[in-house]
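Before any comments, here is the structure.
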Protein chains: 2
Amino acid sequence: MATERKTSSTNFRNQAYLEEKCSLNELLDLVSKRWVCEILFCVEEGNNRFKSIREELTYISDTILADRVKLLEKYDLITKQYFDEVPLRVEYSLTESGRQLCGMLEMMCNFSDSLPALKSMETAKHA
Amino acid sequence: MATERKTSSTNFRNQAYLEEKCSLNELLDLVSKRWVCEILFCVEEGNNRFKSIREELTYISDTILADRVKLLEKYDLITKQYFDEVPLRVEYSLTESGRQLCGMLEMMCNFSDSLPALKSMETAKHA
DNA sequence: ATAGTAACTAATTAAAAATTTAGTGATGGC
DNA sequence: GCCATCACTAAATTTTTAATTAGTTACTAT
């Protein structure tokens, strides 16, 4: 998983340039990683264990889920609580920032639902 | 630029699964493409020509800018107006959807500015 | 005739992201 | 001892995305 970024690339420089210009770019880089929003929504709705999230998000793998919860914890959007049980039990919950972010994502979700351009493409796909 | 996606991959299936689950995933896939938000903000602020956007966004290339304005037009977030002049003149402007999206992105921008986790990483980077 | 302009496109290559496969530790049940 | 559980990690591979290089069109200015 952990292949290092090449800090000498123009690819890297451009991302740094954008993040410097506006922190939105950093936030978007996080929330647009695959599965991230759905994981947030799972936790928001109380589906807060590793295994149960993995089951809800049909095709996600252990590797990715572990990576994403780690990222979300790093950005202080979720927290982990460890229970001294066997087998191991860990529960995730949203932080205050996480709750705020979820609120905004839900707004965007409503917006995207109402976007004619997106809707017509959906329909085209199913046709 | 136009390398076709491999529709048989699980990578593709997972993206389709997420978009089916929630259209937010489709919208995020668009706005998180590199440079997209900054292009929207340029147009919003009246910087509405190909060349001037390219100059404002220092490191962007013709190839990428052309791809992004095409995408934004496809999703009906910007429109193009052609002027019959020489040399060729094209102006972009936000659609009503584009304006709404910009509004939400600005909200998210304020949020990300206030996120302690992001801020501390910024600081760490410059240290 | 040659060079320059704006707004692009096509093909290639480099880099990053997602996925797959195979493991870990501590414990419990058979 | 052997298999199972949960919540992970490491390494390798595949797929996608971004960047580079080299063009195009239709005209104008030198």
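Note on naming: letters A, B, ... go to the chains in the order of the sequence lines (proteins, then strands), and numbering restarts at 1 for each one. None of the values given here were measured: they were computed from a predicted structure.
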Nearest heavy-atom pair of Cys37(B) and Leu24(A): which atoms, and what distance? SG-CD2, 4.2 Å
Respond yes when some side-chain nitrogen or oxygen of Tyr17(A) is under 4.0 Å from OP1 or OP2 of dA19(D), and no when none is. no
Provide the closest heavy-atom pair for Arg5(B) versus Gln15(B) in the form atom of the first, atom of the second, distance. NH1-CG, 4.0 Å
At under 4.0 Å between heavy atoms, how does the protein contact nucleotides 21-30 of chain D? Give one character per nucleotide, 5' to 3', with B, S or -. B-----SS--
Assess, by modelled atom type and distance only, whether the side chains of Ser52(B) and Asn47(B) contain a donor and an acceptor separated by less than 3.5 Å. yes
Of the non-hydrogen atoms in Ser32(A) and Leu28(A), which two are nearest, and what is the gap between them? OG-O, 2.7 Å
When rounded to whole Å, the NZ to P distance for the pair Lys70(A) and dA10(D) reads 7 Å
Going from CZ on Arg13(A) to OG1 on Thr58(B), what distance comes out if it is rounded to the nearest 0.5 angstrom? 9.0 Å
Side-chain atoms of Val90(B) come closest, of dA7(C), dA7(D), dA15(C), to dA7(C)
Separation of Leu30(B) atom CG from dA18(D) atom P, in whole Å? 11 Å
Side chain of Ser9(B) - closest among dT15(D), dA19(D), dA18(C): dT15(D)
Sorted by first residue and then second, give each salt bridge (Lys or Arg N to Asp or Glu O under 4.0 Å) pair with at least one member in residues 85-102 of chain A; sequence neighbours left out. Glu85(A)-Arg89(A), Arg89(A)-Glu91(A), Glu96(A)-Arg99(A)
Under a 4.5 Å cut-off applied to non-hydrogen side-chain atoms, are Arg34(A) and Leu18(B) in contact? yes
Are Phe50(A) and Phe83(A) grouped together when hydrophobic residues (ILVMFWY) are joined by side-chain heavy atoms under 4.5 angstrom apart? no
Rounding to the nearest 10°, end axes of the helix from dA1(C)-dT30(D) to dC30(C)-dG1(D) built from five pairs each make an angle of 30°
Starting at atom CG of Leu18(B), determine the distance to atom P of dA18(C), rounded to an integer number of angstrom. 11 Å
Just the rounded figure in Å: distance from C1' of dG25(C) to CD of Glu85(A). 17 Å
Taking OP1 and OP2 of dA18(D), is either one under 4.0 Å from a side-chain nitrogen or oxygen of Arg68(B)? yes
Stretch residues 32-49 of chain B: residues that reach within less than 4.0 Å of DNA chain D through a heavy atom: Lys33(B), Arg34(B), Trp35(B)
Strictly below 4.0 Å: does Asn14(B) bring a side-chain N or O up to OP1 or OP2 of dA18(C)? no
Can you measure from CD1 (Ile64(B)) to CG (Leu57(B)) and round to the nearest 0.5 angstrom? 12.0 Å
Whole-Å gap separating C1' (dA18(D)) and CG (Leu71(B)): 13 Å
Proximal nucleotide (of dT19(C), dT9(D), dT17(D)) relative to the Arg5(B) side chain: dT17(D)
How far apart are the C-alpha atoms of Gln81(A) and Asn48(A), what are their side-chain angles, what is the distance that settles it, and do they pass the side-chain hydrogen bond (donor to acceptor under 3.5 Å, both in side chains) test? CA-CA 10 Å; Gln81(A) 198 182 351; Asn48(A) 57 6; over 6 Å; no
dA26(C) phosphate, OP1 or OP2: any side-chain N/O from Tyr82(A) under 4.0 angstrom? no
Residues within residues 51-60 of chain B bordering DNA chain C, heavy-atom distance below 4.0 Å: Lys51(B)
Could you check how far NZ of Lys80(A) sits from C1' of dC6(D), rounded to whole Å? 13 Å
Got a sec, which residues hit ring-ring contact (aromatic ring centres under 6.0 Å, His included) with Tyr59(B), two or more places apart in sequence or on another chain? Tyr17(A)
What are the two closest non-hydrogen atoms of Val90(B) and Arg49(B), and how far apart are they? O-CG, 3.7 Å
Nearest-0.5 Å distance, NZ of residue Lys51(B) to CG of residue Leu65(B): 12.5 Å
Just verifying a value: how many Å separate Asp113(A) CG and Met108(A) CE, rounded to the nearest 0.5 Å? 12.0 Å
Length of the CZ-P vector between Phe12(A) and dA17(C), whole Å: 11 Å
How many Å lie between CG on Leu65(A) and P on dA18(C), as a whole number? 14 Å
The side chain of Ile64(B) lies closest to which of these nucleotides: dA19(D), dA16(C), dC8(C)? dA19(D)
Would you confirm whether Ser9(A), through its side chain, and Phe12(A), through its main-chain N or O, come within 3.5 Å as a donor-acceptor pair? yes
Closest-nucleotide ordering on DNA chain D, the 5'-leading residue of Arg13(A) and Tyr92(A): Tyr92(A)
